[in-house]
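Just so you know, ligand 1 is whichever comes first in the structure, and atom 1 is the first atom listed for that ligand. No hydrogens, no waters, no symmetry mates; every other heavy atom, side chains included, goes into these values. Keep in mind that what you see is a predicted model, and the values were worked out from it rather than measured.
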Amino acid sequence: MRFAACLGLLIALAGLSSCQQPAAAHRARPQDELLILVSIDGFRWDYLDRYDVPTLRQLAREGVHAQRMTPCFPSKTFPNHYTLVTGLRPESHGIVSNWFWDPAYAETFGMSKPDSNAESRWWDEGEPVWITAEKQGVRSACYFWPGSETEIRGVRPTLFQKFNGRLRSDARVDGLLAWLDRPAAQRPRFCTLYFDLVDHAGHTFGPESPETAAAAHEADAAIARLLAGLAARGLREKTNLVIVSDHGMSECGPDRVVFIEDLMDPTKVRVESTGPNGGVRPLPGTVTAAALAASIRAKAPPQLHVYLREEMPERFHYRRNPRIPDVMLVMDDHWSIESKVGWPSRRATYVKGSHGWDPALPNMGALFLAQGPAFRRGHEFADVENIHVYNLLCAVLGITPARNEGDDRLVREALAP
Ligand code: AMP
Ligand code: ZN
Ligand code: ZN
């Protein structure tokens with residue numbers, strides 16, 4: 001009888017944990033702890049073993065470490081940074097790529113367009129963690145993060161910094177530390193910090209180059225500087241660090257390129273993205289999307305996979321948003337789709353590394369580690385998808401997450417009991 005009752009309870013609990021409800025906050029709100037979310041853009045999961053990164057390795061040993069974190073499709077910077085802080089996939093949070101066309105606004109969103117970063121209408125399909133935090137009385141500060149420069153659902157982070165890609169990593173760390181010098185009552189309890197030097201090196205020189213090794217080492221040194229700065233302020237023991245990347249990096253080059261112009265009439269389409277995946281939409285009054293997809297498919301080389309938006313493979317979760325192009329051109333690892341416009345000169349400086357391919361490919365895997373008083377010590381686990389990070393951040397902060405697509409598996413894996 002007692003056994004049956006226990007079994008019933010266990011079954012009920014298992015049912016609860018596997019549903020899509022927000023994970024409940026698993027700990028009381030720790031008033032004196034700090035949470036810093038650090039992103040090292042383009043830090044492939046295996047750089048941790050491959051390169052000289054002693055600080056990151058020590059943090060992974062002392063805290064929790066996923067062998068590999070799987071990003072969302074497309075494995076690009078803006079969609080995945082927004083997934084990390086919302087727990088929503090790109091089709092749900094609306095930042096479907098670094099650049100995309102919005103048919104309702106009849107305008108293009110662009111990662112490097114100041115307007116796109118300053119206008120909430122692009123971003124408010126999702127609720128980033130700093131907004132969840134501010135709404136629940138937790139002060140937050142973003143030293144760079146896609147989406148942090150605008151009001152979302154009427155709220156902003158208390159402190160934020162307009163993106164400046166020229167600012168050196170050390171200066172970013174010092175800027176964040178200066179925010180922490182505020183009196184305790186005004187100090188942020190949740191912060192983001194972002195480095196892009198590893199991504200730049202990966203693109204320019206390739207993932208397995210001495211230059212990328214040096215960039216990884218420099219990012220590691222910046223994190224050591226952060227730890228020393230926290231220690232000097234008496235904050236080190238009270239700080240929870242979650243260190244992630246948005247995606248990995250794969251070799252590519254100008255000899256592994258397929259051209260748009262060899263597949264379709266470029267005057268009849270809007271080309272919305274190129275690179276490891278492409279997206280096109282027929283211009284009004286030309287052809288239907290189905291006819292366009294069929295004609296591309298008839299000419300496609302084996303490295304190119306052509307899908308109508310609604311035919312995208314289920315595991316990509318990339319159908320349910322009108323910002324996704326009508327016809328997707330998904331390339332195999334290492335291959336790119338490009339336009340011939342300006343190609344002779346672009347060829348000479350074409351990237352040696354890139355990302356955007358199928359997130360399940362080993363090379364697209366990202367970094368996840370966490371260390372601090374909230375986390376288990378010395379615990380390594382297997383792959384985890386990045387949609388679960390938001391619930392973990394909320395649990396560490398002791399706040400209730402907004403509705404999202406993650407569950408509590410990372411909370412259970414990473415938080416100290
Ligand atoms: P990609 O490799 O094309 O996916 O994008 C990486 C680039 O995004 C980095 O090199 C940064 O320069 C840029 N980036 C990252 N965060 C921001 C931001 N908040 N605002 C504007 N650009 C950003
Ligand atoms: Zn990136
Ligand atoms: Zn990149």
Please report, to 0.1 Å, the donor-acceptor pairs under 3.5 Å made by any side chain of residues 373-383, with sequence neighbours excluded.
| unit_1 | atom_1 | unit_2 | atom_2 | d |
| --- | --- | --- | --- | --- |
| Arg376 | NH1 | Glu413 | O | 3.1 |
| His379 | NE2 | Glu413 | OE2 | 2.7 |
| Glu380 | OE1 | His65 | ND1 | 2.7 |

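To the nearest 10 degrees, the angle centred on the Zn ion (ligand 3) between OD1 in Asp199 and NE2 in His355 reads 100°. The OD2 atom of Asp246, the Zn ion (ligand 2) and the OG1 atom of Thr77 define an angle of 100° (nearest 10 degrees). Seen from the Zn ion (ligand 2), atom OD1 of Asp41 and atom NE2 of His247 lie 110° apart in angle, a value rounded to 10°.
Among protein heavy atoms, atom 15 (C) of ligand 1 sits closest to Tyr194 OH, 3.0 Å.
Taking distance alone, with nitrogen or oxygen atoms compared against 3.5 Å, Thr77 approaches ligand 1 more closely than that limit. Ligand 1 has no nitrogen or oxygen under 3.5 angstrom from a nitrogen or oxygen of Asp41. For Asn98, a nitrogen or oxygen atom sits less than 3.5 Å from a nitrogen or oxygen atom of ligand 1, counting backbone and side chain alike.
With hydrogens and angles ignored, the 3.5 Å screen pairs a side-chain donor or acceptor of His81 with a backbone N or O of Thr77.
Note that Arg270 lies in the cation-pi zone of Trp101, set by a 6.0 Å cut-off to the ring centre and a 45° limit from the axis.
Of the options Met111, Met249, Glu149, the smallest heavy-atom separation from atom 8 (O) of ligand 1 is shown by Met111.
Here His203 meets the criterion, with an N, O or S atom under 2.8 Å of the Zn ion (ligand 3).
Side-chain rings of Trp343 and Phe259 approach one another, their centers coming within less than 6.0 Å.
The aromatic rings of Phe100 and Phe109 sit parallel, their planes meeting at an angle under 30°, below the 60° perpendicular limit. Using cut-offs of 30° and 60° on the angle between ring planes, the pair His355 and His203 is tilted.
Taking 4.5 Å as the limit, every side-chain heavy atom of Ile131 sits out of range of all side-chain heavy atoms of Trp123.
Distances from ligand 1 to the non-hydrogen atoms of His81 include no value under 4.0 Å.
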